[in-house]
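Take a look at the structure below.
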Amino acid sequence: MEKRPFVTLEQLEKITESFPTPFHLYDEKGIIENAKRVQEAFSWNPGFKEYFAVKATPNPVLMGILKDCGFGMDCSSATELMLSDAVGFSGHDIMFSSNDTPPEEFKMADDMGAIINLDDFTHIECVEQVLGHIPETISCRFNPGGVFEISNGIMDNPGDAKYGMTEAQIFEAFRILKEKGAKRFGIHAFLVSNTVTNDYYPMLAGELFELAVRLEKETGAKVAFVNLSGGVGVPYRPEQKANDIYAIGEGVRKEYERILVPAGMGDVAIYTEMGRFILAPYGCLVTKAIHEKHTYKEYIGVDACAVNLMRPAMYGAYHHITVMGKENAPCDHKYDVVGSLCENNDKFAVDRMLPKIDKGDLLVIHDTGAHGFSMGYNYNGKLRSAELLLKEDGSVQLIRRAETPQDYFATLDVCENMKKYL
Ligand SMILES: *Cc1c(COP(=O)(O)O)cnc(C)c1O
C-alpha cells in the first residue's frame with residue numbers, strides 16, 4: 001500500500017509558521033472515520049465496546065474525540081485514570097487493565113466505578129484488602145502459556161510474558177470471586193502485539209469463547225463479557241497490507257455463532273482495547289532536516305530525535321518517511337536519518353533509499369499516532385514536543401504545548417542556583 005501523508009506540503013508550511021518543528025500532528029477526520037469503521041464492524045454485538053488504550057496516546061483532546069465516537073478508555077495507571085476522569089469518563093466506560101498494580105490504584109479505579117481487570121490470582125486478596133469488598137463486576141486476565149501462532153508465521157510467546165493467570169488459576173479465581181459476591185465476570189487476554197493479519201482477533205476469540213463456556217459451566221459464574229484487548233496492527237511498511245476491520249469483526253462473529261450461541265451465551269458482550277489500530281496511522285511526526293553529514297555513510301540530521309519517537313531506537317521499528325514536496329522524486333539516495341542524542345541508536349532510518357534531501361526540507365515520519373509521543377522521555381535534556389490536531393475543517397489546534405526548560409527543571413527547585421531558570 002502506498003503511504004501518503006494526510007497533510008500537504010502547503011499545509012505544513014503554513015503550520016510551521018506558527019508552530020516550530022518538531023511536532024506530532026494528528027488527523028481528526030481520519031480518526032473519526034476509522035472509529036466509525038470499528039463501531040460498524042462489531043455492530044452485530046449489541047454490548048460491543050472499544051476501550052481505547054490510553055497509554056498509546058494520552059491526550060485529552062484526542063480522548064474526547066474518541067468519547068464522542070462512543071469509545072471507553074482502558075487505563076493502566078493512576079494518571080491515566082485521572083486523565084479519563086478529566087475527559088468525562090466514569091463507571092463502566094473505564095477498564096482498568098493494569099499489572100503489578102499499586103494497591104491504592106485499585107481503590108482509585110473502584111472509586112471511579114471502573115471495571116477492574118485482575119492480572120493475577122493473588123490480586124484477589126489485594127483488591128479485597130484495599131477495597132474492603134469484591135466488585136460485582138470483575139474481569140480476569142488469561143495467559144494460555146506456550147506459543148500462540150497465527151497465520152503466515154505471525155506468533156508470540158505468551159509463556160514468556162509476565163501477564164495474566166494460568167488456566168487453573170482463572171478457574172479458581174472465578175470460584176473464589178463468585179463466593180465473595182462477584183456477579184458479572186469478564187475474561188481478557190493479549191497474546192500478540194501489532195498483528196498485521198485479519199486472523200488474530202478471530203483466533204483469540206475462539207480460544208476465549210471456549211474458555212468462557214467451560215468457566216461458566218464449571219464454576220456457575222456468569223460471563224458477561226470477553227475482552228479481546230489490543231494487538232491489532234497497522235502496516236508500518238509500504239509492502240504490508242492493512243488489516244480489514246470488517247473482516248476481523250466478521251471473523252469474531254463467526255466464532256461467536258459457532259461457540260457462544262449454541263452454549264446459550266448469546267448475550268456476552270465483546271470488548272476491545274485497541275490503541276495502535278485506532279490512532280497510529282492518524283498521527284505523524286513532522287521534523288526538519290537541519291544538517292547533512294558525509295563520512296563513512298550519508299547522514300541527514302533532523303530536529304527530532306528518539307525522545308520524540310522511541311520505536312526505531314527501542315525495537316528497530318520501521319517508520320516510513322516522506323520528504324515533503326519530493327513525493328514523486330526518485331529514491332536514489334541512501335541515508336541514515338538521525339537525531340541529536342548521544343546514542344548511536346538515535347536513527348529514524350538506516351540505509352533508507354530516499355529522494356535527495358536538502359537542509360530545510362520537511363520530513364513526515366508516518367504512523368506515530370500511537371505509541372509515539374507517549375513513549376517520549378527527556379534523555380540528553382531533550383524536551384517533549386508539541387502535539388497538534390489537524391481538524392476536519394482544515395484548521396490546526398495546539399492540543400499540547402511543547403515543553404520548556406522550566407518544565408524540565410520543575411522538579412529541581414530544591415536547588416537555589418536553579419531558581420533563575422524557573
Ligand atoms: C498496550 C495495551 C493495549 C493496546 O495495545 P495496542 O497494541 O496499542 O493495540 C491494550 N490493552 C493492554 C492491557 C495493553 O497493555
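Numbering of ligands and ligand atoms starts at 1, following listing order. In this chain, numbering begins with 1 at the start of the sequence shown. Reckoned from all heavy atoms, side chains included, excluding hydrogens, waters and symmetry mates. Remember, it's a predicted structure, so these values are computed and weren't measured experimentally.
- The list of salt bridge (charged side-chain N to carboxylate O under 4.0 Å, His left out) pairs with a residue in residues 186-212, not counting sequence neighbours, reads Glu210-Arg258.
- With a 6.0 Å radius and a threshold of 12 heavy atoms from other residues, nucleotides or ligands, Lys297 has its NZ atom above the threshold.
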- Query: How far apart are the C-alpha atoms of His123 and Phe106, what are their side-chain angles, what is the distance that settles it, and do they pass the ring pair (Phe, Tyr, Trp, His ring centres under 6.0 Å) test?
  - Reply: CA-CA 10 Å; His123 292 178; Phe106 282 131; 5.8 Å; yes

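- Under the 3.5 Å distance criterion, with hydrogens and angles disregarded, no donor-acceptor pair is assigned to the side chains of Thr101 and Glu105.
- Enumerated by chain and number, the residues approaching ligand 1 to less than 4.0 Å through a heavy atom are Ala53, Lys55, Asp74, Ser97, Arg141, Phe190, Ser229, Gly230, Gly231, Glu273, Met274, Gly275, Arg276, His371.
- Legend: salt bridge (charged side-chain N to carboxylate O under 4.0 Å, His left out) pairs involving residues 362-375, not counting sequence neighbours, sorted by first then second residue: Lys3-Asp367.
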Donor-acceptor list for residues 384-391 side chains, cut-off 3.5 Å, not counting sequence neighbours:
| from | atom 1 | to | atom 2 | distance (Å) |
| --- | --- | --- | --- | --- |
| Arg384 | NH1 | Asn378 | OD1 | 2.7 |
| Arg384 | NH1 | Glu403 | OE2 | 3.1 |
| Arg384 | NH2 | Gly376 | O | 3.2 |
| Glu387 | OE1 | Asn59 | ND2 | 2.9 |
| Glu387 | OE1 | Arg400 | NE | 2.7 |
| Glu387 | OE1 | Arg400 | NH2 | 3.4 |
| Glu387 | OE2 | Tyr26 | OH | 2.5 |
| Lys391 | NZ | Gln397 | OE1 | 3.2 |

